[in-house]
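Some notes on the structure that comes next.
Note that the coordinates shown come from a computational prediction; the quantities given were computed from them, not determined experimentally.
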Amino acid sequence: MGLEIRLEGVRHEYERTEDSAAVRALTGVDLTVAAGAFAVLMGPSGSGKSTLLHLIGAIERPTAGRVMLGSTEISALPERELTRVRRRSIGFVFQFFNLIPTFSVRENVSFPLHLLGEPEEQARSRADQVLEQIGLGHRAGHYPNELSGGEMQRVAIGRAIVHDPEVLLADEPTGNLDTATGERILELLASIHRIHRATIVMATHSDRAAARGETIIEVLDGTIGSVRSPA
């Protein structure tokens with residue numbers, strides 16, 4: 001079962017650099033996603049969707065406010081504890097796959113288990129189980145440059161779920177895929193939700209993708225608008 005996600009008064013600002021002015025990405029967000037829910041962050045580019053995912057996924061810290069996963073305030077954890085939470089409790093699916101090109105499909109999927117110190121044989125066995133689940137068992141020994149875009153995204157999803165995370169985050173997972181391939185990826189995510197009951201939060205600007213969620217959270221200019229069920 002997944003973890004409840006709760007944000008309380010969350011603000012996030014990106015500091016000024018030599019190339020850009022300071023940016024206020026989130027302006028006081030209060031949000032709760034129930035444990036085991038499939039929630040969708042819906043909004044245009046630049047609305048703050050990815051920043052929200054990065055805060056929930058402990059990739060970034062808020063400028064102000066609290067981020068809770070279950071009973072743990074991850075926004076207050078020291079970096080060492082934060083790394084442990086990321087490795088054990090969170091899976092992340094990126095728009096651009098982020099596979100390791102010199103690793104085989106099996107090695108890419110099993111990589112999170114090696115970070116957790118799993119023995120080689122157990123990591124390999126678990127990776128093969130996941131590859132069968134996502135329909136890529138026959139591709140285990142191939143490399144990312146031998147795969148289609150849809151297959152690469154399936155590998156990325158396999159890597160994100162191999163350690164049975166309680167929270168699965170997906171940032172525009174169909175953004176680089178054609179419509180038919182994107183539909184298959186969305187169906188895979190829906191299937192994973194039914195089987196694993198992890199809390200899933202997916203960011204998208206696509207109405208078609210958003211319809212797969214149980215709750216649609218509208219994000220605009222760094223704030224939360226309406227929270228509604230799909231039409």
Spacing of L136 atom CG and D128 atom CG [to the nearest 0.5 Å]: 11.5 Å

Distance, nearest 0.5 Å, that separates CD1 of I216 from CD of E214: 11.5 Å

Modelled atom types, side-chain donor and acceptor of E107 and Y143, under 3.5 Å: no

Rounded distance [0.5 Å steps], CD in E172 versus OG in S50: 6.5 Å

Heavy-atom pair with the smallest gap, counting every atom of I185 and I157: CG2-CD1, 3.9 Å

Hydrophobic cluster membership, M202 vs M152, 4.5 Å side-chain cutoff: yes

For P165 against G91, the heavy-atom pair lying closest together: CB-N, 3.5 Å

Side-chain donor-acceptor pair present, R24, T27, cut-off under 3.5 Å: no

Side-chain (T63) to main-chain (E13) donor-acceptor, under 3.5 angstrom: yes

Any R228 side-chain heavy atom under 4.5 Å of T215 side chain: no

Side chain to side chain donor-acceptor pair (under 3.5 Å) partner of D178, the single match among T181, N176, T174: T181

Lys/Arg N to Asp/Glu carboxylate O, E73 vs R6, below 4.0 Å: no

SB check E218 K49 (cutoff 4.0 Å): no

Salt bridge (Lys or Arg N to Asp or Glu O under 4.0 Å) evaluation trace for R61 with E79: CA-CA 10 Å; R61 295 179 185 271; E79 189 58 37; 3.7 Å; yes

Check: L55 and L53 side chains under 4.5 Å, non-hydrogen atoms: no

Straight-line distance of R106 CZ to S125 OG, nearest 0.5 Å: 10.0 Å

Where G222 and V29 come nearest, the two heavy atoms and their spacing: O-CG2, 3.6 Å

Check: V93 and R159 side chains under 4.5 Å, non-hydrogen atoms: no

Sole residue of I59, L69, L168, I56 in side chain to side chain contact (heavy atoms under 4.5 Å, CB included) with I90: L69

side-chain contact (heavy atoms from CB on, under 4.5 Å) between E146 and V105, intermediate numbers included: CA-CA 10 Å; E146 299 175 300; V105 165; over 6 Å; no

Charged N-O contact under 4.0 Å between R184 and E151: no

Minimum side-chain heavy-atom gap F38-V201 below 4.5 Å: no

Shortest non-hydrogen separation from V33 to A39 and the atoms involved: CG1-CB, 3.9 Å

Backbone N/O of G36 and side chain of R197: donor-acceptor pair under 3.5 Å: yes

Test item: V10 and R66 side chains (from C-beta on) under 4.5 Å apart, heavy atoms: no

Side chain to side chain, L116 and H163, heavy atoms closer than 4.5 Å: yes

Lys/Arg N to Asp/Glu carboxylate O, R194 vs E187, below 4.0 Å: yes

Side-chain ion pair, E183 and R208, N-O less than 4.0 Å: yes

Pair R88 + E166: basic N to acidic O under 4.0 Å: no

R124 side, atom CZ; L113 side, atom CG - distance, nearest 0.5 Å: 13.5 Å

D171 side chain to A203 backbone, donor-acceptor under 3.5 Å: no

Non-hydrogen atoms of A140 and L131 that approach each other most closely: CB-CD1, 3.8 Å

Hphob cluster co-occupancy, F94 + V40, side-chain heavy atoms under 4.5 angstrom: no

F111 and F103 aromatic ring geometry - parallel, tilted or perpendicular at 30°/60° bounds: perpendicular

Plane angle bin for H12 and Y14 - parallel if under 30°, tilted between 30 and 60°, otherwise perpendicular: perpendicular

4.5 Å side-chain heavy-atom contact, D30 and L7: no

Passing option when T72 is tested against L3, V67, L77 for side chain to side chain contact (heavy atoms under 4.5 Å, CB included): L77

Residue H142 excluded, over 12 heavy atoms near NE2 under 6.0 Å: yes

H193 versus I200, closest heavy-atom pair with distance: CB-CD1, 3.6 Å

